[in-house]
Amino acid sequence: MKFPGQRKSKHYFPVNSRDPLLAQLTQQPQPFSTYICGIDQTLVDIEAKVEDELLERYGLPKGNSTLINDEQAHNLYHELKSNEMISDEFAGGTIGNTVHNYSILADDRSVLFGVMSQKVMVGSYAYRYLCNTSSKVDLNYLQPVDGPIGRCFTLISDCGERTFAISKGSMDKLTPEFINKDVIQGSSALVLTAYLMRASDGDGITDAAMTAIEYAKEADVPVVLTLGTRFLIQEDPKWWQDFIKDHVTILAMNEDEGEALTGFKDPLLASEAALEWCDMVLTTAGPIGLYTAGYAEDSAKRETSHLLLPGAIPEFNRYEFSRPMLKEDCETPIKVYAHISPYMGGPELIRNTNGAGDGALSALLHDLSANTFHKTNVPGSSKHKRDGLCYSSFSQVCKYANRVAYEVLAQHSPRLSRGLPEREDSLEESYWER
């Protein structure tokens with residue numbers, strides 16, 4: 001596993017970089033590997049520039065998102081392909097993006113549960129999905145299905161308006177029998193999206209997700225939920241609040257989803273409210289930057305050396321150098337918050353906002369998994385006198401998530417094609433030292 005983020009000080013990570021004197025005095029066990037796993041609706045994002053006439057012909061309201069059946073999807077794809085209108089085809093899905101990015105950052109294994117077409121032909125949707133997923137993502141547990149995986153068409157009009165046509169295919173056909181209990185319980189985290197909880201009658205992916213959650217809770221594996229879209233949450237915020245309280249350890253959301261869930265427009269107040277139901281929150285807020293919020297032990301809190309920030313909670317970042325902990329592991333829990341503005345003010349040209357939140361979450365998951373990795377391989381480290389949820393502080397997780405989100409915004413694909421550069425080719429080298 002690669003070290004999460006970039007730092008100047010010596011942290012003895014990876015574990016084979018430990019103090020040479022200590023290495024002579026202690027027996028060296030074989031390094032134990034860690035991984036995360038996730039469940040997703042496997043789909044391919046297809047982007048094309050179209051005329052309004054095509055939207056009218058297929059009955060797609062301009063600017064809206066519409067469900068279409070397999071036959072419509074096949075005809076639409078064939079027309080776009082034959083007329084060379086398709087500009088990009090990406091492997092998609094919130095959790096698929098997240099576990100892929102995790103594997104790129106950590107240079108280590110992750111596991112994806114979902115479905116995959118039993119017959120994969122060169123150039124097909126399933127082929128595109130497999131080609132655009134890191135080889136470090138373990139796809140051996142995918143459930144084979146007859147028929148296509150999901151397809152999401154992003155149709156861009158001349159005026160720039162985006163119209164979405166979604167064909168589910170068999171992406172919701174995952175059944176509980178294909179959730180491997182040992183894999184779930186051996187992981188550092190289980191990652192889910194809110195979309196999984198709203199499957200149609202006859203589709204098994206909701207039952208599969210709930211089975212995985214029960215396996216994770218039995219083994220005290222953190223359950224991580226990303227909300228996905230405000231429209232889904234605002235239908236029944238109370239239901240989601242109860243679901244998070246009963247099942248979720250870490251919550252990831254943007255400011256719109258946070259408002260739909262908590263009623264607070266301010267992302268800091270939304271993060272604080274969400275801490276009543278879970279142990280840690282990652283909130284992305286577009287041009288404002290991002291926030292982390294969670295719990296720390298009062299006697300182990302660490303005060304920041306950064307400027308204290310004003311906000312709805314005055315000087316809210318005072319203890320941002322503390323490490324996140326589960327609330328139940330704290331004798332005297334205190335709420336801790338951190339914030340960071342967009343890296344270098346954000347990219348000069350934002351090519352695609354799709355996937356920036358997934359990138360930020362993958363950074364947090366890398367840090368969480370690194371904590372498990374280090375704790376298992378260096379159990380005597382002073383870092384693990386208390387059970388931390390993450391390896392790094394709230395502040396450092398903020399910086400790392402922010403940097404990864406920038407990398408996604410600066411490219412067209414929602415998935416990273418490479419890890420962060422070994423050295424920053426800018427004056428912002430000091431970013432990691434602050």
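Between Arg403 and Tyr406 there is a side-chain heavy-atom pair separated by less than 4.5 Å. The shortest distance between side-chain heavy atoms of Ser157 and Asp52 falls below 4.5 Å. Counting heavy atoms from C-beta outward, Phe153 and Asp45 have side chains that stay 4.5 Å or more apart. Side chains of Leu275 and Val281 form a contact here, defined as non-hydrogen atoms less than 4.5 Å apart. Between Pro144 and Phe178 the shortest side-chain heavy-atom distance falls below 4.5 Å. Residues Leu155 and Phe164 fail the side-chain proximity criterion, which asks for heavy atoms closer than 4.5 Å. Looking at Leu416 and Val408, their side chains come closer than 4.5 Å, going by heavy atoms from C-beta outward. In this structure, Ile205 and Asp207 have side chains that are not in contact, with every pair of non-hydrogen atoms separated by 4.5 Å or more.
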Quiz item: Step by step, would you call Asp70 with Arg151 a salt bridge (charged side-chain N to carboxylate O under 4.0 Å, His left out)?
Solution: CA-CA 9 Å; Asp70 286 346; Arg151 290 137 294 175; 2.9 Å; yes
Quiz item: Do Glu56 and Lys62 pass the salt bridge (charged side-chain N to carboxylate O under 4.0 Å, His left out) test, and can you show the C-alpha distance, the side-chain angles, and the key distance before you say yes or no?
Solution: CA-CA 8 Å; Glu56 293 171 7; Lys62 189 173 179 179; over 6 Å; no
Quiz item: Going through the distances and angles, do Ser170 and Ile149 end up as a side chain to side chain contact (heavy atoms under 4.5 Å, CB included)?
Solution: CA-CA 5 Å; Ser170 299; Ile149 60 174; over 6 Å; no
Exercise. Quick one: do Gln72 and Ser167 satisfy side chain to side chain donor-acceptor pair (under 3.5 Å)? Show the steps, please.
Key: CA-CA 8 Å; Gln72 288 173 303; Ser167 173; over 6 Å; no
Quiz item: For Leu368 and Ile250, what are the C-alpha separation, side-chain angles and deciding distance, and is it a side chain to side chain contact (heavy atoms under 4.5 Å, CB included)?
Solution: CA-CA 11 Å; Leu368 181 151; Ile250 298 175; 3.4 Å; yes
Self-check item: Step-by-step side chain to side chain contact (heavy atoms under 4.5 Å, CB included) determination, Val183 to Tyr35
Solution: CA-CA 9 Å; Val183 171; Tyr35 62 92; 4.0 Å; yes
Exercise. Any chance you could lay out the salt bridge (charged side-chain N to carboxylate O under 4.0 Å, His left out) test for Asp107 and Lys136, step after step, and finish with the verdict?
Key: CA-CA 7 Å; Asp107 193 26; Lys136 296 278 187 180; 3.8 Å; yes
Self-check item: Residue pair Tyr337, Ile313: steps toward the side chain to side chain contact (heavy atoms under 4.5 Å, CB included) verdict
Solution: CA-CA 9 Å; Tyr337 312 92; Ile313 302 172; 3.8 Å; yes
Practice problem: Would you sort out whether Lys49 and Asp158 count as a salt bridge (charged side-chain N to carboxylate O under 4.0 Å, His left out), showing the intermediate values? | Solution: CA-CA 7 Å; Lys49 292 184 177 179; Asp158 290 337; over 6 Å; no
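Counting non-hydrogen atoms of other residues, nucleotides and ligands closer than 6.0 Å to CG of Asn69 gives a total above 12. For Glu71, the CD atom counts as loosely surrounded, since its 6.0 Å shell holds 12 or fewer non-hydrogen atoms of other residues, nucleotides or ligands. Other residues, nucleotides and ligands place more than 12 heavy atoms under 6.0 Å from the CD atom of Glu218. More than 12 heavy atoms of other shown residues, nucleotides or ligands fall within 6.0 angstrom of atom NZ in Lys81.
The closest side-chain donor-acceptor pair between Arg415 and Thr133 falls under 3.5 angstrom. Looking only at atom types and distance, the side chain of Ser369 has a donor-acceptor partner in the side chain of Tyr102 under 3.5 Å away. A donor and an acceptor atom, one from each side chain of Asp138 and Asn140, are located under 3.5 Å apart. Residues Thr229 and Glu257 bring no donor and acceptor atom of their side chains to less than 3.5 Å of each other. A donor and an acceptor atom, one from each side chain of Arg230 and Asn254, are nowhere located under 3.5 Å apart.
Atom CG of residue Leu282 and atom SG of residue Cys398 lie 7.5 Å apart, to the nearest 0.5 angstrom. To the nearest 0.5 angstrom, Ile39 atom CD1 is 5.5 Å from Ile184 atom CD1. The structure places CG of Leu55 at 6.0 Å from CG of Leu60, a figure rounded to the nearest 0.5 Å. To the nearest 0.5 angstrom, Leu268 atom CG is 9.0 Å from His339 atom NE2. Going from atom CD1 of Ile340 over to atom CG of Asn317 covers 11.0 Å, rounded to the nearest 0.5 Å. The NE2 atom of His100 sits 9.5 Å away from the OG atom of Ser110 when rounded to the nearest 0.5 Å.
Minimum interatomic distance between Phe394 and Arg323 (heavy atoms only, all atoms of both residues): CE1-C, 3.9 Å. Of all non-hydrogen atoms in Thr66 and Pro61, the two that sit nearest each other are OG1-CD, 3.3 Å. Val223 and His247 get closest at one heavy-atom pair: CB-O, 3.3 Å.
The pair Lys119-Asp146 does not count as a salt bridge, with every side-chain nitrogen at least 4.0 angstrom from each carboxylate oxygen. Salt bridge status for Glu276 with Lys245: absent, with no side-chain N to carboxylate O gap under 4.0 Å. Ion pairing of Asp203 with Lys168 is present here, as a side-chain N (NZ or NE/NH1/NH2) and a carboxylate O approach within less than 4.0 Å. With salt bridges taken as basic N to acidic carboxylate O contacts below 4.0 Å, one links Glu79 and Arg57.
Using cut-offs of 30° and 60° on the angle between ring planes, the pair His374 and His384 is tilted. Ring pair Tyr141/Phe113 is tilted by interplanar angle, where 30° to 60° counts as tilted. Taking the six-membered ring for Trp and thresholds of 30 and 60 degrees, Trp240 and Phe243 have ring planes more than 60 degrees apart, a perpendicular arrangement.
Remark: side-chain polar atoms of Glu255 are not paired, donor with acceptor, to backbone N or O of Asp266 under 3.5 angstrom. Of the possible polar contacts, none joining the Asn83 side chain to the Met85 backbone as a donor-acceptor pair under 3.5 Å is found. Side-chain atoms of Ser117 come within 3.5 Å of backbone atoms of Gly147 as a donor-acceptor pair (strictly under, hydrogens ignored). In terms of modelled atom types and a separation under 3.5 Å, the side chain of Gln143 and the main chain of Thr175 share a donor-acceptor contact. The backbone N or O of Thr34 sits nowhere less than 3.5 Å from a side-chain atom of Ser188 that would complete a donor-acceptor pair.
For the side chain to side chain contact (heavy atoms under 4.5 Å, CB included) test with Thr98, the passing option among Asp40, Leu112, Leu361, Thr193 is Leu361; the others fail. The residue from Ile244, Leu326, Val224 that alone fulfils the side chain to side chain contact (heavy atoms under 4.5 Å, CB included) condition with Thr249 is Leu326.
Here the two rings, on Tyr129 and Phe90, have centers that are 6.0 Å apart or farther. When ring centroids are compared, His366 and Tyr391 stay outside the 6.0 Å threshold.
Applying the side chain to side chain donor-acceptor pair (under 3.5 Å) test to pairs two or more places apart or on separate chains, those with a residue in residues 279-295 are Ser271-Thr283.
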